Amino acid sequence: MAAVQVSEAEKVYIMHGVRDDLRLDGRGCEDYRHMEIETDVVSNTDGSAKISLGHTDVLVGIKAEIGKPKPMVPDEGYLEFFVDCSANATPEFEGRGGEELGMGLSNTLYKVFNNRHSVDLRSLCICPGESCWVLYVDVLLLQCDGNLFDAISIAIKAALFNTRIPKVHISEDEEGVKEIVLSDDPYDCMRLNVENVPCIVSLCKIGHRHVVDATLQEKACSVASLLISVTHKGMVTCVRKMGGGSLDPESIFEMTEAGKRVGKALHAPLMELLQKEESLGKKRQKVGFLG
Amino acid sequence: MAVEMRLPAVHKHISLATSQSNRDDKHLVVPGDVITSDTGFMRGHGTYMDEDRLTASVAGEVERVNKLICVRPLKTRYNGEVGDVVVGRITEVQQKRWKVETNSRLDSVLLLSSVNLPGGELRRRSTQDELAMRDYLQEGDLINAEVQSIFSDGALSLHTRSLKYGKLGQGVLVLVSPSLVKRQKTHFHNLPCGASIILGNNGYVWLYPTPGHQDEEAGGYYTSMEPVSLSDREVISRLRNCLLALSAHKVLLYDTSVLYCYEASLPHQIKDILKPEIMEEIILETRTRLVEHEG
């Protein structure tokens, strides 16, 4: 992750602040920074979303393509994740510098979504065993200021909500050759049910307490962090420990409980915001990148 | 636990109704704009000649001194001048000198002979001093120093040969654009709200709790790791958010503007200051007070 250098005295200041529940910008230990979410920003994708969480900017684009289902599960579609760390974010990402981070992020996303409940994969099936929808989820990191996982997961949820997959039906001609026919109406689309899509919460351990939504300076003071992906019902789909330091079992339990609580509370405002944005329809003033 | 999500809104430009004259006098240009077609002028920094026409190469304000035209950019790397106070971070420890990052085009240099030795002795630096360099300043440490001279390639040579310069202790660093820091007689201020501020000319602003009445060791060698009190912390966090709000709206930073912004932000919670609408409200009030103060 792009890192900033902090001096020992600054680290001490940050740690004492976290202990007193007053971080550098006045937030409490479990407060998020100011978040702005917008969907449908990239016109040639089937679904897209852009989120800015403080100074972290993430853009997600989803394209639906027809492919062959996996042999083990012939009646389900699947998702493919790719995270690209743009050199805009920090000069360290130039060339192949951001590849390692990108691979780490994609692998975690695979783990988070690797269960039957997050996205209804059966709805992505067109013809069992022969063709299905494959959703290519591409994540682009535009600016990096800590807390990438949370931002990416919220953006993915918003983009999946925004995704419109064209409706298709199978037609068989006389020789029995199946053909996939797209409906004529371009607005005839299928939407995904994103209720059970999880959101990732990263908790960084600083001193004896943990913080949610750490900035790069706070990250430099923490030795270990825990990633928890939580659905709106509070179900945990993936837990991962990052960082070189150690966490003792009590802290892991405490952090998991806090993560579940924080993660559960993320979903309701997000869905409300997405519904509100959709209800604005054509009247919505698109801000995009030049706001 | 607070989560606040919203749809993005187009950034509004706040303008004061009274300060129209201010805006009309400024000649703002973007790269490629023709400044003048008159060939009688000498071209300064930020300009180039494009077929007999003087064109701007950076985005900023045109300055004219008699026959010299130059463009002062708004967002730029720090260009040091002798006598400036800067706050920097040590990036490397080399033989007989430290490399300091000061938001300029090249890393600045702090020579071993330009620092005060602990105990305040004045003697020639020996090889033992060279080996003990890392005990004094390590990679990642923050210092505040003064620019002593400029090398021919543009790198700055710093010195900390005064009791007010040296290693910085506990506090918060805020990064703003160097062009927003106003040049003043002194850059060290003890604000009446209860914290102290160092406005580095290079855009690095250091906020720290006002030191109590204790005798200072030579050159700020000793950094206290005692926990800072909660009230001081709140003041510093509020000042930090105010500085970020001022820099987002391109308000010139000096002790008065920072203080007015602090006072305007008191009715709000510290973490709310960075919300766009509250930021606009605070900046509008600050600007109004500043115009009254100058008028």
Side-chain angles (χ1 to χ4, degrees), chain A residues 4-17 19-39 41 50-54 154 158 212-213 217 220 258 261-262 265-270 272-274 276-277 280 284-291, chain B residues 1-12 89-91 101 137-143 167-175 206-209 223-242 244 265 268-279:
Chain A
V4 286
Q5 279 189 314
V6 272
S7 66
E8 290 302 316
E10 281 176 285
K11 275 191 199 160
V12 166
Y13 185 83
I14 293 176
M15 290 209 305
H16 287 155
R19 197 185 57 186
D20 293 336
D21 202 23
L22 183 69
R23 288 152 85 175
L24 287 187
D25 47 6
R27 286 185 286 157
C29 289
E30 296 190 351
D31 289 340
Y32 274 86
R33 282 171 286 180
H34 175 72
M35 238 188 276
E36 282 182 358
I37 304 169
E38 202 188 352
T39 62
V41 277
K50 178 176 177 292
I51 179 176
S52 50
L53 175 61
I154 296 177
V212 171
D213 194 15
Q217 281 104 334
R261 190 171 14 109
V262 172
L266 274 180
H267 293 269
L270 177 62
E272 211 183 286
L273 185 68
L274 291 172
K276 184 173 116 175
E277 202 191 14
L280 286 176
R284 174 164 73 102
Q285 186 194 30
K286 287 206 175 180
V287 175
F289 295 89
L290 301 171
Chain B
M1 196 219 87
V3 174
E4 201 234 317
M5 301 187 191
R6 56 169 78 180
L7 295 172
V10 184
H11 186 83
K12 288 196 301 261
R89 205 182 276 281
I90 307 286
T91 51
E101 195 242 312
L137 288 174
Q138 273 195 326
E139 286 93 341
D141 279 345
L142 280 170
I143 54 160
K167 185 154 87 166
L168 295 171
Q170 290 194 50
V172 178
L173 185 70
V174 183
L175 308 181
W206 179 248
L207 297 161
Y208 61 110
T223 47
S224 149
M225 298 295 181
E226 292 293 315
V228 174
S229 71
L230 191 62
S231 52
D232 280 345
R233 245 175 230 289
E234 282 177 0
V235 171
I236 291 182
S237 294
R238 194 177 278 281
L239 278 172
R240 174 201 181 267
N241 286 353
C242 287
L244 288 175
S265 75
H268 305 278
Q269 273 205 322
I270 303 177
K271 56 188 171 182
D272 291 336
I273 299 176
L274 294 175
K275 291 198 183 133
E277 64 285 352
I278 299 187
M279 218 198 285

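Below, chains carry the letters A, B, ... as their sequence lines are ordered, and counting in each starts from 1. As the structure is a prediction and not an experimental result, all values here were calculated from the model.
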Original post:
Between A:I51 and chain B, which part of the residue has a heavy atom less than 4.5 Å away: side chain, backbone, both or neither?
Top reply: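 Interface part for A:I51: neither.
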Original post:
Checking heavy atoms, do the side chain of A:K11, its backbone, both or neither come under 4.5 Å from chain B?
Top reply: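 For A:K11, neither part sits under 4.5 Å from chain B.
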When rounded to the nearest 0.5 angstrom, what distance separates [atom1] in [X] from [atom2] in [Y]?
X      : Y      : atom1 : atom2 : value
B:D141 : A:Q5   : CG    : CD    : 9.5 Å
B:I270 : A:R27  : CD1   : CZ    : 12.5 Å
B:L244 : A:D25  : CG    : CG    : 9.0 Å
A:R23  : B:K271 : CZ    : NZ    : 10.0 Å
A:E36  : B:E4   : CD    : CD    : 9.0 Å

Which atoms of [X] are under 4.5 Å from chain A, going by heavy atoms: the side chain, the backbone, both sets, or neither?
X      : answer
B:R89  : side chain
B:L207 : neither
B:E101 : neither

Original post:
Just wondering, more than 12 heavy atoms not from B:E139 lying within 6.0 Å of its CD?
Top reply: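 Yes, because the 6.0 Å sphere around CD of B:E139 holds more than 12 heavy atoms from other groups.
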Subject >> Partner residues of A:R19 under the salt bridge (Lys or Arg N to Asp or Glu O under 4.0 Å) criterion, sequence neighbours left out >> reply: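 For A:R19, no residue satisfies salt bridge (Lys or Arg N to Asp or Glu O under 4.0 Å) once neighbours in sequence are set aside.
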Original post:
Top residue by heavy-atom pair count (under 4.5 Å) with chain A, among B:P276, B:P8, B:G169?
Top reply: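 Between B:P276, B:P8, B:G169, the count favours B:P8.
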Original post:
chain A: which of B:T91, B:L173, B:N241 shares the most heavy-atom pairs with it under 4.5 Å?
Top reply: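 If we count pairs closer than 4.5 Å to chain A, B:N241 comes out on top.
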Original post:
Considering residues at least two apart in sequence or located in another chain, which fulfil the side chain to side chain contact (heavy atoms under 4.5 Å, CB included) criterion with B:V3?
Top reply: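 Result, side chain to side chain contact (heavy atoms under 4.5 Å, CB included) vs B:V3: A:Y32, A:M35, A:L266, B:M1, B:M5.
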Heavy-atom side-chain contact between [X] and [Y] under 4.5 Å:
X      : Y      : value
A:V12  : B:Q170 : yes
B:K167 : A:S7   : no
B:M279 : A:H34  : no

Subject >> Exam field: side chain B:R233 to backbone A:L22, donor-acceptor pair closer than 3.5 Å >> reply: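 The answer is no, because no donor-acceptor pair under 3.5 Å joins these two groups.
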Subject >> Among A:G17, A:P269, A:G28, residue most engaged with chain B (heavy-atom pairs, under 4.5 Å) >> reply: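 Option with the greatest count: A:G17.
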Original post:
If you tally heavy-atom pairs under 4.5 Å against chain B, which of A:E30, A:H16, A:R33 wins?
Top reply: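 Most heavy-atom pairs under 4.5 Å with chain B: A:H16.
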Subject >> Least distance between heavy atoms, B:L7 atom then A:L280 atom >> reply: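 Looking at all heavy atoms of both residues, the closest pair is CD1-CD1, 4.0 Å.
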